[in-house]
Trainee: 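This is the structure, below, for whatever I ask next.
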Number of protein chains: 2
Amino acid sequence: MQQHILENLSKSELLREMKPAFLEALAEIAVERTLVSDETLFMQHQEATGFYLICTGSVKVYRIGGDGREQVIHQFGPGEIVGEVPVFQGTAYPACATAVKKSRLIYFARNRFVELGRRQPEIFLNMLAILSRRLRQFVELIDDLSLKDVTARLAKYLARGCDSGSSCVVELELSKSALASRIGTIPATLSRTFKKLQDSGAIKVSASKIHILDCELLASIASGEKLGDL
Amino acid sequence: MQQHILENLSKSELLREMKPAFLEALAEIAVERTLVSDETLFMQHQEATGFYLICTGSVKVYRIGGDGREQVIHQFGPGEIVGEVPVFQGTAYPACATAVKKSRLIYFARNRFVELGRRQPEIFLNMLAILSRRLRQFVELIDDLSLKDVTARLAKYLARGCDSGSSCVVELELSKSALASRIGTIPATLSRTFKKLQDSGAIKVSASKIHILDCELLASIASGEKLGDL
DNA sequence: GTTTAGCTTTGACTTAAGTCAAAACACTGA
DNA sequence: TCAGTGTTTTGACTTAAGTCAAAGCTAAAC
């Protein structure tokens with residue numbers, strides 16, 4: 001049973017980064033919960049008693065405006081976490097959450113979570129590490145999105161693969177369309193950009209295998225050097 | 001003395017959001033440190049013994065590549081925090097950090113920080129709240145940067161001000177150039193965009209006071225409705 | 001094999017938004 | 001008051017990258 005929960009936890013993009021021992025401790029305090037479509041998780045203004053990890057299904061988070069209309073803020077899917085901010089803050093839920101289809105969730109009660117952290121502060125420390133690392137990555141991506149062009153962003157993505165080695169092969173673990181949205185563009189543009197990088201001589205593309213021919217060149221493109229400037 | 005540190009802490013964009021009592025506790029374990037230009041904070045691979053908040057000056061973080069050349073990853077300025085990720089993770093510093101000019105920093109020793117969290121886990125919880133809230137905002141901004149145009153982003157920024165009320169006045173607390181970079185654009189474009197929104201009848205601009213004339217319209221522009229579609 | 005469906009690539013076209021430079025405006029201190 | 005500095009606006013121009021639609025590929029399914 002707890003084993004089953006553990007498996008689900010490690011599908012969450014954030015939690016999977018925790019140290020295994022801590023993740024197990026977290027699984028211990030978790031309980032599973034199934035919702036039918038349109039069942040409500042929590043309401044706006046209600047005291048935040050716990051947060052949820054979505055395993056399957058989908059949950060919409062929305063606010064009820066003064067005029068009674070509901071305004072959807074976001075829809076969350078598998079692997080995403082809902083409601084943790086007010087739980088950590090100790091405030092009320094700032095919005096409502098309702099399942100839009102049959103969903104399986106994992107629930108973490110606030111008091112059990114706090115108790116866990118009191119016994120093992122390292123768990124909180126581990127979570128702080130994950131969040132601040134993620135924050136760093138996002139700050140960087142935001143910078144890149146507004147300052148760099150698609151070519152530089154793709155080059156940067158590819159350059160992560162091979163450190164300093166003069167040549168190597170990167171196997172894309174994402175589909176090209178997924179990669180496109182990862183670096184903030186669309187498949188058509190990505191395709192053209194791959195070709196552009198290939199023409200520059202920095203890489204060679206064969207399906208999902210990218211041969212990095214000139215790592216230095218790739219790095220300089222990644223840092224914003226225009227191809228024409230060479 | 002500690003009072004002085006406290007003041008500096010509340011200038012950090014992240015720490016200032018902490019509950020005052022916790023911030024004071026944090027100030028208790030902090031020590032001030034002054035660096036001359038080119039003085040090194042820490043080296044790559046060295047055990048992470050603590051992290052720093054920059055009060056004045058500037059610190060560059062860089063990696064030494066296999067070929068000995070230093071590759072600057074980022075330069076941090078006042079209010080920013082350096083080195084917290086490896087400290088939280090309990091790993092070595094992944095890069096080097098050196099002051100690029102005379103700088104005043106505040107140092108948090110890892111062991112004192114952990115000890116503090118052990119005594120008062122609520123402090124960690126409070127920090128978790130701040131980080132996850134910030135993360136949420138960033139996820140949203142990243143979405144907006146790649147999916148929405150400047151007009152929608154500006155409309156959204158302005159719409160935060162007036163909830164559901166049909167009309168109100170928002171006083172910009174940022175300069176227009178700061179606002180521009182906040183929503184991922186440049187002053188020239190921002191200026192034109194303000195005019196565009198004004199022409200649509202949603203707002204009226206007078207210097208740093210923005211009169212919101214039609215909140216509904218503004219909200220629909222914010223959610224991606226093109227002005228031509230009306 | 002052939003069909004169907006899902007990616008990926010390509011081409012032709014459009015446009016939002018950036019660049020650069022000049023002008024207008026605002027604010028401070030002499 | 002005026003000079004002097006910094007910010008905001010404007011205009012003319014350029015371009016990266018998006019849209020849409022068609023054509024190629026793969027690869028599993030019949």
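Chain identifiers are assigned alphabetically (A, B, ...) following the order of the sequence lines, protein sequences preceding nucleic acid strands; residue numbering begins at 1 within each chain.
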Trainee: In this structure, how many angstroms lie between the C1' atom of dT8(C) and the CZ atom of F194(A), rounded?
Mentor: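 So the CZ-C1' distance, F194(A) to dT8(C), works out to 11 Å.
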Trainee: Using the side-chain heavy atoms of T151(A), tell me which of these nucleotides is nearest: dA17(D), dT9(C), dA17(C).
Mentor: dA17(D)
Trainee: Taking atom types as modelled, find out whether T40(B) and T98(B) have a side-chain donor-acceptor pair closer than 3.5 angstrom.
Mentor: yes
Trainee: Quick one: L179(B) CG to dT8(D) P, roughly how many Å, whole number?
Mentor: 10 Å
Trainee: If you find the nucleotide of DNA chain D closest to L174(B) and the one closest to G184(A), which residue's nucleotide is nearer the 5' end?
Mentor: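 Looking at DNA chain D, the more 5' nearest nucleotide goes with L174(B).
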Trainee: Do any side-chain nitrogens or oxygens of T189(B) fall under 4.0 Å of OP1 or OP2 in dA17(C)?
Mentor: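 So the side chain of T189(B) is outside the cut-off, no N or O lying under 4.0 Å from OP1 or OP2 of dA17(C).
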Trainee: Taking the minimum atom-to-atom distance to the side chain of A188(A), which one of dT9(D), dT10(C), dA16(D) wins?
Mentor: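 The answer is dT10(C), which lies nearest to the side chain.
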Trainee: What nucleic acid atoms does T193(B) come within less than 4.0 Å of, heavy atoms only: base, sugar-phosphate, or nothing?
Mentor: nothing
Trainee: Given atom CG of D149(B) and atom P of dA16(D), what is their separation to the nearest angstrom?
Mentor: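 My rounded result for the distance is 20 Å.
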Trainee: Students often mix this up, so state it plainly: with edges at 30° and 60°, are the rings of F42(B) and Y93(B) parallel, tilted or perpendicular?
Mentor: parallel
Trainee: Rounded to whole Å, please give me the gap between CZ in R192(B) and P in dT10(D).
Mentor: 9 Å
Trainee: With a cut-off of less than 4.0 Å, is there a side-chain N or O of T185(A) near OP1 or OP2 of dG18(D)?
Mentor: yes
Trainee: Could you tell me the separation between the CG atom of L197(A) and the P atom of dA17(D), rounded to a whole number of Å?
Mentor: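 Whole-Å distance recorded here is 12 Å.
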Trainee: Between K195(A) and dT10(C), is there a side-chain N or O to OP1/OP2 distance below 4.0 Å?
Mentor: yes
Trainee: Is a salt bridge present between K19(B) and E24(B), judged by a nitrogen-to-oxygen distance below 4.0 Å?
Mentor: no
Trainee: Between dA16(C) and K196(B), is there an OP1 or OP2 to side-chain N/O distance shorter than 4.0 Å?
Mentor: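 No, no such contact exists.
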Trainee: To the nearest Å, how far apart are L145(A) CG and dA17(C) C1'?
Mentor: 15 Å
Trainee: Closest-nucleotide mapping onto DNA chain C: is L190(B) or L190(A) further toward the 5' terminus? I mean the 5' end.
Mentor: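 So the residue in question is L190(A).
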Trainee: What contact category does A207(B) fall into here, base, sugar-phosphate, or nothing, at under 4.0 angstrom with non-hydrogen atoms?
Mentor: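 Contact class for A207(B): none.
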Trainee: Between atom NZ in K148(B) and atom P in dA17(D), what is the gap in whole Å?
Mentor: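 Answer to the nearest Å: 21 Å.
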Trainee: Atom NZ of K176(A) to atom P of dC7(C): distance rounded to whole Å?
Mentor: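 To the nearest whole Å, that distance equals 14 Å.
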Trainee: Check this for me: E39(B), atom CD, are more than 12 non-hydrogen atoms of other residues, nucleotides or ligands nearer than 6.0 Å?
Mentor: yes
Trainee: Indicate whether any N or O donor in one side chain lies under 3.5 Å from an N or O acceptor in the other, for K101(A) and S58(A).
Mentor: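 Side chains of K101(A) and S58(A): no pair found under 3.5 Å.
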